[in-house]
Amino acid sequence: ALPICDVLFTGKEFFIGLSERTNQKGADFLASTFSQHPVHTVEVKHGLHLKSLLSMGGPESISVADTLAGRDLWQKMTRAATCQYEAIWVPDELAANCLFINGTLIHRASAEFPRSGKIFEGINCPRIELVGSELSKVDGCLTCSSLLIP
């Protein structure tokens, strides 16, 4: 099994979160399909998915929930990574789930998460804020509700 919410592609390498929903067989399939890119697995002990705690926040940046679970995943990823990334620490776990598409950061609204909104305001790129309160009612995140087509 390999739900997309456990797959993070940085543009250079893949990180696969091994969770209750994603297993090694799914990670192996992705590695064989995208053999031109490094594929790393990280165990997700807390949180629904990998991208429940971190996601791309810029071309070389990863938005990370500033929680024990987020810090644990960040440490695992930085040990496995072949490239270096900057962490964007956000205080609200749900706000760590965002999308970086074509140079634009799409994140949860500052009205929902004002402390995280202040962090996102400091990022120097175009931004779009989306209200996701209805998504949260069904454990949905921005990355789980998106179909990205190259």
Fill in: Check: C125 main-chain N/O paired with T104 side-chain donor or acceptor under 3.5 Å
no
All heavy atoms of A1 vs all of N23, minimum pair found to be N-OD1, 3.0 Å
One pair to check against side chain to side chain contact (heavy atoms under 4.5 Å, CB included): E129 and H107. What are the steps and the verdict? CA-CA 5 Å; E129 293 191 10; H107 62 87; 3.2 Å; yes
Exercise. Within the side chain of S116, is there an N or O that forms a donor-acceptor pair under 3.5 Å with the backbone of D92?
Worked result: yes
Is there a path of hydrophobic side-chain contacts, each under 4.5 Å between heavy atoms of I/L/V/M/F/W/Y residues, joining L99 to L50? no
More than 12 heavy atoms of other residues, nucleotides or ligands under 6.0 Å from CD of E121: yes or no? yes
Q. Same hydrophobic cluster for M56 and L73, using side-chain heavy-atom links shorter than 4.5 Å among ILVMFWY?
A. yes
Check your understanding: How about H46 and E93: do any of their side-chain heavy atoms sit closer than 4.5 Å?
Key -> no
Kindly work out whether a path of hydrophobic side-chain contacts (I/L/V/M/F/W/Y, heavy atoms less than 4.5 Å apart) joins V42 to W89. yes
Nearest heavy-atom contact between P3 and T22 is CD-OG1, 2.8 Å
Exactly one candidate in L54, L105, V90 meets side chain to side chain contact (heavy atoms under 4.5 Å, CB included) with C98; the answer is L105
Exercise for review: Flag yes if more than 12 heavy atoms outside Q24 fall under 6.0 Å of its CD atom; otherwise flag no.
Suggested key: yes
Could you check whether any side-chain heavy atom of T82 comes within less than 4.5 Å of a side-chain heavy atom of H40, counting everything from C-beta outward? yes
message: Just so I know, are the side chains of F120 and S63 near enough to count as touching, which here means a heavy-atom distance under 4.5 Å?
response: yes
Output for pair (L68 CG, K45 NZ), nearest 0.5 Å, gives 12.0 Å
| said: Can you classify the ring geometry of H37 versus F9 as parallel (below 30°), tilted (30 to 60°) or perpendicular (above 60°)? | reply: perpendicular
- Message: Donor-acceptor check, side chain of E13 to backbone of C83, threshold 3.5 angstrom: yes or no?
- Response: yes
Quiz item: Do the rings of F34 and F14 sit parallel, tilted or perpendicular, given the 30° and 60° boundaries?
Solution: tilted
Worksheet entry | Shared hydrophobic cluster, M77 / L2 (ILVMFWY, side-chain heavy atoms < 4.5 Å) | no
Taken to the nearest 0.5 Å, the spacing of T78 OG1 from I62 CD1 works out to 9.0 Å
Closest heavy-atom pair, V131 versus A109, reported as atoms and distance to 0.1 Å, is CG2-CB, 3.9 Å
Correct closest heavy-atom pair for I88 and S61 would be CD1-CB, 3.6 Å
One thing to verify: whether R71 and D66 come together as a salt bridge, which I'm taking to mean a side-chain N less than 4.0 angstrom from a carboxylate O. yes
Out of curiosity, does I4 fall in the hydrophobic cluster containing I16 (side-chain heavy atoms, cut-off under 4.5 Å, transitive links)?
yes
Tightest non-hydrogen contact, residues S19 and D6, listed as OG-OD2, 2.6 Å
For A87 and W74 the tightest heavy-atom approach is CB-CZ2, 3.6 Å
